[in-house]
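Just below is one structure, and these are the notes that go with it.
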Amino acid sequence: ALSSLISVGGDLVIDSMNDMTNVDGMSNLVSVGGSLSVTSNDAINDIDGLSSLSSVGGFATVSSNDNLLDVDGLSSLDSVVGYLNIENNQRLTDVVGLSSVGPQVAGLYIRDNSVLSSLDGLGGIETVNGYMTIGFNPLLANVDGLNLLTTVVESMYIHENDLLEDLDGFSSMTDVGGILDIWNNE
């Protein structure tokens with residue numbers, strides 16, 4: 001195991017580990033200088049082993065993990081220099097584990113999460129320095145978790161969230177620098 005590992009200077013990629021159910025062997029990891037990618041791990045059901053991780057120097061992506069139930073293992077993560085991408089996690093119901101992330105990210109992409117019902121946990125994000133997309137989350141009922149978001153520097157897309165009832169969670173929004181595209185949320 002990698003239990004003594006404190007930092008990774010470059011990227012940390014956990015990809016296609018189809019028999020691995022967790023990352024518990026990395027519990028002392030504090031920083032990743034490059035990007036963090038937890039992708040296409042069919043059996044992984046939690047990432048609690050990353051609970052000491054506080055900074056990512058590039059993007060952070062959690063995608064295509066069919067059995068991932070939560071991102072609580074990222075509860076210490078407070079700095080993501082690049083974009084934050086939570087995509088195509090079929091059993092992920094919430095993103096509460098991201099509550100320390102902020103006050104800014106380079107981009108924010110929350111897409112194709114079949115049972116995601118809440119964005120609670122994204123309340124620390126005040127500025128998205130690039131693009132933001134919230135789309136194809138069929139059970140997402142509101143965007144209340146983004147209540148402190150004031151600025152999206154580029155464009156913002158909210159689409160195909162079948163149960164989205166309102167946009168009241170954007171009550172602090174003052175500026176979208178590019179396109180504001182809201183469509184087919186029924």
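Across H159 and N185, no two heavy atoms sit closer than the pair C-OD1, 3.4 Å. The minimum heavy-atom distance between L108 and V128, with the atom names listed, is N-CG1, 3.9 Å. Contact detail for V81 and G57: the closest heavy-atom pair is CB-O, 3.2 Å. Among all heavy-atom pairs drawn from N113 and P138, the shortest one is O-CD, 3.8 Å.
Remark: side-chain polar atoms of N137 are paired, donor with acceptor, to backbone N or O of I110 under 3.5 angstrom. Without hydrogens or angle criteria, N22 side chain to D24 main chain gives a donor-acceptor distance under 3.5 Å. In this structure a side-chain-to-backbone donor-acceptor pair under 3.5 Å is present from N67 to D42.
Counting only residues at least two apart or on different chains, no ring-ring contact (aromatic ring centres under 6.0 Å, His included) pair has a member in residues 7-33. Sorted pairs that involve residues 13-36 and meet ring-ring contact (aromatic ring centres under 6.0 Å, His included), not counting sequence neighbours, are lacking altogether. Applying the side chain to side chain donor-acceptor pair (under 3.5 Å) test to every pair with at least one member in residues 43-61, sequence neighbours left out, gives these pairs: T61-N85. Contacts classified as side chain to side chain donor-acceptor pair (under 3.5 Å) and involving residues 119-133 (residues at least two apart or in different chains) are given here: Q104-N129, S118-D120. The salt bridge (Lys or Arg N to Asp or Glu O under 4.0 Å) pairs that include a residue from residues 133-145 number zero, where partners must be two or more places apart or lie in different chains. The salt bridge (Lys or Arg N to Asp or Glu O under 4.0 Å) analysis of residues 8-21, with sequence neighbours excluded, yields no pairs. Applying the salt bridge (Lys or Arg N to Asp or Glu O under 4.0 Å) test to every pair with at least one member in residues 70-92, sequence neighbours left out, gives these pairs: E87-R111.
With hydrophobic clusters built from ILVMFWY side chains whose heavy atoms lie under 4.5 angstrom apart, M20 shares a cluster with L92. Hydrophobic clustering (side-chain heavy atoms under 4.5 Å, transitive across Ile, Leu, Val, Met, Phe, Trp, Tyr) keeps I134 apart from V96. Two different hydrophobic clusters hold L116 and F136 under the rule that ILVMFWY side chains link at heavy-atom gaps under 4.5 Å. Taking hydrophobic clusters as Ile, Leu, Val, Met, Phe, Trp and Tyr residues chained together by side-chain heavy-atom distances below 4.5 Å, I158 shares a cluster with L119. No path of Ile, Leu, Val, Met, Phe, Trp and Tyr side chains, each step under 4.5 Å between heavy atoms, connects V13 with L5, placing them in separate hydrophobic clusters.
Atom CG in N88 sits 7.0 Å away from atom CG in D66 (nearest 0.5 Å). Note that the CG atom of L98 and the OG atom of S100 stand 9.0 Å from one another [nearest 0.5 Å]. Rounding to the nearest 0.5 Å gives a distance of 10.5 Å between CG of L69 and CD1 of I44. With rounding to the nearest 0.5 Å, the separation of OG in S64 from CG in D112 is 8.5 Å. Residue L36 holds its CG atom at 11.5 Å from OG of S31, rounded to the nearest 0.5 Å. Atoms CG and CZ, from L148 and F170 in turn, are 12.5 Å apart once rounded to the nearest 0.5 Å.
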Between I6 and L29, is a side chain to side chain contact (heavy atoms under 4.5 Å, CB included) present by the stated rule, with each step listed?
-> CA-CA 4 Å; I6 296 170; L29 182 65; 5.9 Å; no
For L84 and L122, run side chain to side chain contact (heavy atoms under 4.5 Å, CB included): C-alpha distance rounded to whole Å, both residues' side-chain angles, the deciding distance at 0.1 Å, then the answer.
-> CA-CA 10 Å; L84 178 60; L122 299 178; 4.3 Å; yes
Output, in order, the C-alpha distance, side-chain angles, deciding distance and verdict of side chain to side chain contact (heavy atoms under 4.5 Å, CB included) for L74 and L50.
-> CA-CA 6 Å; L74 297 176; L50 298 174; 4.2 Å; yes
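Under the side chain to side chain donor-acceptor pair (under 3.5 Å) criterion, N65 pairs with N41, N89, not counting sequence neighbours. Remark: Y83 engages F59, Y109 in a ring-ring contact (aromatic ring centres under 6.0 Å, His included) (not counting sequence neighbours). Residues that satisfy the ring-ring contact (aromatic ring centres under 6.0 Å, His included) test with Y157, not counting sequence neighbours, are absent from this structure. Legend: residues meeting side chain to side chain donor-acceptor pair (under 3.5 Å) with S114, ordered by chain and number and at least two apart, are Q90.
Looking at heavy atoms from C-beta onward, L68 lies in side-chain contact with V62 at the 4.5 angstrom threshold. In this structure, N142 and E165 have side chains that are not in contact, with every pair of non-hydrogen atoms separated by 4.5 Å or more. In this structure, the side chains of V30 and L53 stay at 4.5 Å or more apart for every pair of heavy atoms.
Within 6.0 Å of atom CG in L163, more than 12 heavy atoms from other residues, nucleotides or ligands are found, so the atom counts as buried in its surroundings.
Counting only N and O atoms by type, the side chains of S35 and S37 include no donor and acceptor under 3.5 Å apart.
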Enumerate donor-acceptor pairs with a distance under 3.5 Å from any side-chain N or O in residues 172-179 to protein atoms, sequence neighbours excluded.
{"unit_1": "S172", "atom_1": "OG", "unit_2": "N147", "atom_2": "O", "d": "2.6"}
{"unit_1": "T174", "atom_1": "OG1", "unit_2": "T150", "atom_2": "O", "d": "3.2"}

